[in-house]
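Convention: sequence-line order gives letters A, B, ...; per-chain numbering from 1.
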Number of protein chains: 2
Amino acid sequence: MRLTTKGRYAVTAMLDLALHEGQGPISLADISERQGISLSYLEQLFAKLRRNSLVKSVRGPGGGYQLNHEKQSISVAQVVDAVNESVEATGCGRQGDCQNGETCLTHHLWCDLSNQIHSFLNGISLADLVVRKDVKDVADRQDRRHSGQVFLTATDSLLADEASV
Amino acid sequence: MRLTTKGRYAVTAMLDLALHEGQGPISLADISERQGISLSYLEQLFAKLRRNSLVKSVRGPGGGYQLNHEKQSISVAQVVDAVNESVEATGCGRQGDCQNGETCLTHHLWCDLSNQIHSFLNGISLADLVVRKDVKDVADRQDRRHSGQVFLTATDSLLADEASV
DNA sequence: TTAATAACCTACTTAAATACTCGGACTAAT
DNA sequence: ATTAGTCCGAGTATTTAAGTAGGTTATTAA
């Protein structure tokens with residue numbers, strides 16, 4: 001089992017899409033700036049998200065990504081899964097052949113844990129997150145900081161970043 | 001967040017101690033054989049378990065390890081923690097400074113997940129595991145296989161292992 | 001038509017962690 | 001004295017994350 005920035009980035013980026021739904025395609029550059037995630041790394045993550053048909057893309061100027069389904073039908077678990085971060089806690093993939101082809105002493109414990117985590121993450125959709133107060137607060141802050149600064153140069157925005165630290 | 005064989009081995013080994021409680025110190029060689037875990041690796045894990053005072057050791061012939069507390073007061077969470085496998089799902093250690101010193105969009109989600117996992121693993125003690133049917137079944141199988149074979153040579157037990165695969 | 005924009009793709013790199021092995025030192029029972 | 005055990009440090013192979021770099025292709029707007 002493993003949950004690192006990879007899966008967290010994926011969920012954060014998808015949530016960013018959900019928050020800006022109805023504004024047309026959102027570019028990865030925008031997400032990169034708002035969420036502080038490397039653009040190239042985002043590209044790799046979105047390649048997987050697209051292959052799992054969680055997002056659809058529009059190429060060319062004004063292009064970007066959009067959710068491929070309604071936000072209430074995309075769960076956090078799906079997103080984490082899409083970038084190959086399994087929340088499976090067993091080492092045998094639930095096969096029960098953990099120890100020389102036989103079941104290890106703690107196999108069922110990890111199965112139970114896996115069920116817990118999976119049902120938790122399955123029960124939370126992007127729509128659920130969008131309406132949460134803590135999410136709204138952060139989103140508002142990000143929108144304030146990154147709107148109207150479209151005409152700043154790269155240097156200016158770097159300075160602004162340093163000033164805010 | 002991460003849960004690999006490291007944490008699983010630690011819990012398995014501790015459960016082995018709990019199952020053989022009252023039989024005096026249990027050597028790592030015994031655990032290694034029963035649970036199919038490398039002896040040297042077990043040594044490293046038990047160094048951490050000892051530093052966290054979850055086990056006590058007896059050196060010399062007939063020595064080994066024993067639980068340092070009653071099995072109902074040792075939780076799975078404690079064991080996993082002891083070997084440095086944090087089940088913490090946030091990247092910031094709950095600090096909320098995930099994104100340039102500010103809170104990232106999904107911070108609270110991962111906090112919630114951490115709470116879920118932690119309370120689940122905290123609620124399960126070694127005593128709880130010992131009485132479970134699935135654990136008993138596996139333990140019985142292991143005891144049958146590894147008792148009375150004390151006088152086999154290393155080569156014999158290797159052959160036995162291969163035969164069982 | 002051309003330039004800019006943004007997705008798309010492949011390959012590489014760095015750093016860290018896992019899951020070991022190996023060799024030896026210390027300790028205590030027989 | 002030997003042996004069975006813990007204890008300890010170092011080293012290694014493999015994998016993965018996380019990010020760089022450099023390009024190609026599709027689309028829009030000038």
Distance-only donor-acceptor pairs under 3.5 Å for side chains of residues 82-98 of chain B, two or more places apart:
| from | atom 1 | to | atom 2 | distance (Å) |
| --- | --- | --- | --- | --- |
| E85(B) | OE1 | T4(B) | N | 3.2 |
| E85(B) | OE1 | G7(B) | N | 2.9 |
| E85(B) | OE2 | T4(B) | N | 3.3 |
| E85(B) | OE2 | T4(B) | OG1 | 2.7 |
| S86(B) | OG | E88(B) | N | 2.9 |
| E88(B) | OE1 | R94(B) | NH1 | 2.8 |
| E88(B) | OE2 | T90(B) | N | 3.3 |
| E88(B) | OE2 | T90(B) | OG1 | 2.5 |
| E88(B) | OE2 | S114(B) | OG | 3.2 |
| T90(B) | OG1 | G93(B) | N | 3.3 |
| T90(B) | OG1 | R94(B) | N | 3.0 |
| R94(B) | NH2 | C111(B) | O | 3.4 |
| R94(B) | NH2 | N115(B) | OD1 | 2.0 |

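- Residues in residues 39-52 of chain A take part in no salt bridge (charged side-chain N to carboxylate O under 4.0 Å, His left out) pair, two or more places apart or across chains.
- Taking 4.0 Å as the cutoff to heavy atoms of chain A, we find the contact window on DNA chain D bounded by dT16(D) to dT28(D).
- Residue R2(B) contributes atom CZ, which lies 12 Å from atom P of dA16(C) at whole-angstrom precision.
- The salt bridge (Lys or Arg N to Asp or Glu O under 4.0 Å) check on R2(B) picks up nothing, with sequence neighbours excluded.
- The residue F46(B) sits apart from the nucleic acid: no heavy atom pair falls under 4.0 Å.
- At its two ends the helix from dT1(C)-dA30(D) to dT30(C)-dA1(D) runs along axes set 0° apart, each axis drawn from five pairs and the angle rounded to 10°.
- Applying the salt bridge (charged side-chain N to carboxylate O under 4.0 Å, His left out) test to residues at least two apart or on different chains, the pairs with a partner in residues 52-73 of chain A are E21(A)-K71(A).
- D30(A) pairs by the side chain to side chain contact (heavy atoms under 4.5 Å, CB included) definition with I26(A), S27(A), R34(A), not counting sequence neighbours.
- With sequence neighbours left out, S119(B) forms a side chain to side chain contact (heavy atoms under 4.5 Å, CB included) with no residue at all.
- A tilted orientation is assigned to the rings of F46(A) and Y65(A), their planes being inclined by 30° to 60°.
- Counting only heavy atoms from C-beta outward, the side chains of H118(A) and D81(A) approach each other to under 4.5 Å.
- The separation between L42(A) atom CG and dC8(C) atom P is 13 Å, rounded to whole Å.
- The side chain of K6(B) contributes an N or O atom lying less than 4.0 Å from OP1 or OP2 of dT18(C).
- Rounded to whole Å, atom C1' of dA17(C) lies 14 Å from atom CG of L45(B).
- Remark: Q35(B) engages Q99(A), L105(A), T12(B), D16(B), I31(B), I37(B), Q142(B) in a side chain to side chain contact (heavy atoms under 4.5 Å, CB included) (not counting sequence neighbours).
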Contact state string [nucleotides 20-30 of chain C, B base, S sugar-phosphate only, - no protein heavy atom under 4.0 Å]:
BBB---BBBB-
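- When the side chain to side chain contact (heavy atoms under 4.5 Å, CB included) test is applied to K136(A), no partner is found at least two apart in sequence or on another chain.
- Applying the salt bridge (charged side-chain N to carboxylate O under 4.0 Å, His left out) test to residues at least two apart or on different chains, the pairs with a partner in residues 110-120 of chain A are D112(A)-R132(B).
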